Number of protein chains: 2
Amino acid sequence: MSVTHTGVTGPAALEPCGQPEHPDCGIRDVLDRVGDKWSVLVIVELAGGPRRFREIERAVQGISQRMLTLTVRRLERDGLVRRTVYPTVPAQVDYRLTEVGASLTHLVKALADWSLAHREIIAGARDAYDAEHPGHDIH
Amino acid sequence: MSVTHTGVTGPAALEPCGQPEHPDCGIRDVLDRVGDKWSVLVIVELAGGPRRFREIERAVQGISQRMLTLTVRRLERDGLVRRTVYPTVPAQVDYRLTEVGASLTHLVKALADWSLAHREIIAGARDAYDAEHPGHDIH
DNA sequence: CGGGATCCCGTTGGATACTG
DNA sequence: CAGTATCCAACGGGATCCCG
């Protein structure tokens, strides 16, 4: 039996990533943008409509003001979120998804659904692995 | 299309995340799993068919052996990748996506497509932001 | 309220050397 | 080839204080 899977396998495969010719297939971009600890959670919260700074902070439990500021700034910079300042006293600011940002929520939703659908299976696989590989910590 | 969905959100909206009642909506899981620097790229490579250790290493440019090992181990632990050892000399090992792992590639593909589709827009927004906010570095 | 500025620590991950 | 073992630098991110 030859191990000659040298050719192009699989149906409609993803393009190769990382090669010089294909610096990457675009995944790096999206990952660098929403792959951090908070971005997706903020997007999810904003998917429910415009939110003020403190509202997001309360909704996304565990986030610090610092990280909320940074996260929301980066999303604004990338054009996924629009920041609106109302000249009241004290200042009032709200954030909402742009069209582009909103288009991301569908994908995020799909990922969340996938996660929920496979969560048990994955937990099982994980336990099985840990049982077979004692003391072998990967985390 | 107006952005006036102030109320309880659009169609089949995402559930609130972070609340004590809803510890999270599942996004955290998937993010913790594939949100790191290399996992998705390895999955993409494996989407093209079974690969040996060195093949992945060469394909995913910039990854170190250490990180490839860790990444592939974690994916194996989660049941997304199956590792097969052939008792040859020298040792030969290949990795391939499991059914569960393969089911993720569709989502990853969607993310990549989204990224490619919006890459210009985002780059533009970014440049515009940087132009308006000089010296104000967010990265 | 909506942040900015610092300090500081834990984790991620790169470089390198060694092994079966 | 397919890893394992260390060491170490960079960065993410939490805590705290301060300001308009």
Side-chain angles (χ1 to χ4, degrees), chain A residues 3-6 18 28 31-42 45-46 50-77 81-96 129 133-139, chain B residues 18 28 31-42 45-46 50-77 81-96 129 133-139:
Chain A
V3 202
T4 50
H5 56 72
T6 42
R28 260 333 227 302
L31 238 54
D32 289 346
R33 185 156 304 107
V34 300
D36 63 80
K37 193 174 182 181
W38 301 110
S39 291
V40 171
L41 295 185
V42 169
E45 177 59 22
L46 291 182
R51 295 283 188 272
R52 299 179 56 178
F53 189 86
R54 303 282 302 199
E55 288 180 325
I56 308 175
E57 189 174 1
R58 277 187 292 267
V60 181
Q61 284 224 339
I63 195 172
S64 60
Q65 341 83 313
R66 173 182 141 82
M67 287 318 296
L68 178 52
T69 300
L70 283 176
T71 301
V72 96
R73 282 286 180 285
R74 287 194 269 245
L75 292 175
E76 186 195 3
R77 183 170 111 108
V81 160
R82 181 160 26 114
R83 176 173 179 267
T84 313
V85 183
Y86 302 95
T88 61
V89 175
Q92 182 170 334
V93 179
D94 76 19
Y95 298 89
R96 70 191 64 203
Y129 185 95
H133 305 255
H136 190 282
D137 63 329
I138 308 273
H139 339 331
Chain B
R28 263 330 231 300
L31 238 55
D32 289 346
R33 186 157 303 108
V34 300
D36 62 80
K37 194 172 181 181
W38 301 109
S39 291
V40 170
L41 295 185
V42 169
E45 177 59 22
L46 291 181
R51 295 284 188 273
R52 298 179 56 176
F53 189 86
R54 303 283 303 201
E55 288 179 326
I56 308 176
E57 189 175 1
R58 278 187 292 268
V60 182
Q61 284 223 339
I63 196 172
S64 59
Q65 342 83 315
R66 172 182 142 82
M67 287 317 297
L68 178 53
T69 300
L70 282 176
T71 301
V72 96
R73 284 284 182 286
R74 287 194 269 245
L75 292 175
E76 186 195 3
R77 182 169 110 107
V81 160
R82 182 161 23 117
R83 176 174 178 267
T84 313
V85 183
Y86 301 95
T88 61
V89 174
Q92 182 170 335
V93 179
D94 76 20
Y95 298 88
R96 70 190 66 203
Y129 185 95
H133 305 253
H136 190 281
D137 63 328
I138 308 276
H139 339 328

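The shown structure was predicted, so the numbers you read here are calculated from the model rather than taken from an experiment. Within every chain, numbering begins at 1; the chains are lettered A, B, ... in the order of the sequence lines, protein sequences first and strands thereafter.
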Selected nucleotide, minimal atom distance to A:R83 side chain, candidates C:dG2, D:dA2, C:dG3:
C:dG3

Nearest heavy-atom contact between A:V34 and A:S39 is CA-CB, 3.9 Å

For A:L68 and D:dA15, what is the distance between atoms CG and C1' respectively, to the nearest whole Å?
16 Å

Does a side-chain N-to-carboxylate-O contact under 4.0 Å join A:E76 and A:R82?
no

Find the distance B:R51:CZ to D:dA2:P and express it as a whole number of Å.
13 Å

Taking only residues two or more places apart in sequence or in another chain, which ones pass ring pair (Phe, Tyr, Trp, His ring centres under 6.0 Å) with B:Y95?
none

Mind checking if B:Y95 touches a base, just sugar-phosphate, or nothing, with heavy atoms under 4.0 Å?
sugar-phosphate

If you only use heavy atoms from C-beta on, which nucleotide in D:dC1, C:dC1, D:dT4 is closest to the side chain of A:H136?
D:dT4

How far apart are the closest heavy atoms of A:R52 and A:A91, and which atoms are they?
NH2-O, 4.5 Å

Heavy-atom nearest nucleotide on DNA chain C taken for A:Q65 and for B:P90; more 5' hit belongs to A:Q65

Quick check: on DNA chain D, is the nucleotide nearest A:G62 upstream (toward 5') of the one nearest A:A91, or the reverse? Name the residue that is more 5'.
A:G62

Distance under 6.0 Å and angle within 45° of ring axis: B:R28 vs A:W38
yes

For nucleotides 10-13 of chain D, print each protein N/O atom paired with a nucleotide N/O atom at under 3.5 Å, atom names and distance only.
unit_1 : atom_1 : unit_2 : atom_2 : d
D:dG13 : OP1    : A:K37  : N      : 3.3
D:dG13 : N7     : A:R66  : NH2    : 2.5

Mind grabbing the angle between the end helix axes of the helix from C:dC1-D:dG20 to C:dG20-D:dC1? Five pairs an end, 10° rounding.
50°

Shortest side-chain distance from A:R52, nucleotide among C:dG2, C:dG4, D:dG3
C:dG2

Between D:dA2 atom P and B:D94 atom CG, what is the distance in whole Å?
9 Å

